[in-house]
Amino acid sequence: MGQLKDLLNGEAESSTQILALSPDNPDGGPKMVERVTKESGAPPGFPLLADVDHKVIDRYGLLNPELFRGRTVPHPAVFVIDRSGKVRWRFANTNARIRAENADILEALKQLEEK
């Protein structure tokens, strides 16, 4: 996801906010930053939000009923939400190995900018 932030430029960068949401407690954020930094060579460059009671995750129907390594995790998802709060594009998959492609996210953001 850090690569996506690098691809945003000009107007899209100034009008776009990337957030990551996790059911981990706030102490899990630094661990995530450490892992992302180790894997990609740089920190994520966007806020990591804790949704411990998974209220937001439940609202979007993303809670995975199966535990992963003894933890509750959501299905991987990406949402493009306009300033009024309307979901304009979404990607979700129950297979954690299948993730949204940066090119698809950028196209969704481009479409949003054109409206």
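Sequence positions, counted from 1, serve as the residue numbers for this chain.
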| Roughly how far, to the nearest 0.5 Å, is the CZ atom of Arg88 from the CZ atom of Arg83? | 13.0 Å

| Judged by atom type as modelled, is there a donor-acceptor pair below 3.5 Å linking the side chain of Asp53 to the main-chain atoms of Lys55? | no

| field | Option among Asn64, Asn93, Asn95 that satisfies the side chain to side chain contact (heavy atoms under 4.5 Å, CB included) test with His75 | value | Asn64

| Step by step, would you call Asp82 with Leu112 a side-chain contact (heavy atoms from CB on, under 4.5 Å)? | CA-CA 7 Å; Asp82 69 16; Leu112 189 61; 3.6 Å; yes

| Rounded distance [0.5 Å steps], CD in Glu66 versus OG1 in Thr94 | 9.0 Å

| said: Can you confirm whether Trp89 sits close enough to Asp104 that some side-chain heavy atom of one is under 4.5 Å from a side-chain heavy atom of the other? | reply: yes

| task | Find out if a path of hydrophobic residues (ILVMFWY) with successive side-chain heavy-atom gaps under 4.5 Å connects Leu48 to Val73. | result | no

| message | Surrounding CD of Glu101 (heavy atoms of other residues, nucleotides or ligands, distance under 6.0 Å), is the total greater than 12? | response | no

| field | Path from Leu109 to Phe91 over hydrophobic side-chain contacts below 4.5 Å | value | yes

| query | Out of curiosity, does Leu21 fall in the hydrophobic cluster containing Val52 (side-chain heavy atoms, cut-off under 4.5 Å, transitive links)? | reply | no

| hydrophobic_cluster_shared for Leu49 and Leu62, side chain cutoff 4.5 Å | yes

| Residues in side-chain contact (heavy atoms from CB on, under 4.5 Å) contact with Thr72, at least two apart in sequence or another chain | His54, Leu63, Leu67

| Can you tell me how far NZ of Lys31 sits from CZ of Arg35, rounded to the nearest 0.5 angstrom? | 12.5 Å

| query | Any chain of hydrophobic side-chain contacts (each under 4.5 Å) joining Phe68 to Ile57? | reply | no

| Distance in Å, Tyr60 OH paired with Ile81 CD1, rounded so as to fall on 0.5 Å steps | 4.0 Å

| said: Tell me every residue that passes side-chain hydrogen bond (donor to acceptor under 3.5 Å, both in side chains) with Asp24, counting only those two or more places apart in sequence or in another chain. | reply: Ser22, Arg71

| With side chains defined as the heavy atoms from C-beta onward, is the minimum distance between Gln17 and Pro47 less than 4.5 Å? | yes

| message | Please enumerate all residues that pass side-chain contact (heavy atoms from CB on, under 4.5 Å) together with Arg99, with sequence neighbours excluded. | response | Pro76, Ala96

| request: Check for a donor-acceptor pair, side chain of Asp51 on one end and backbone N or O of Pro23 on the other, with a separation under 3.5 Å. | output: no

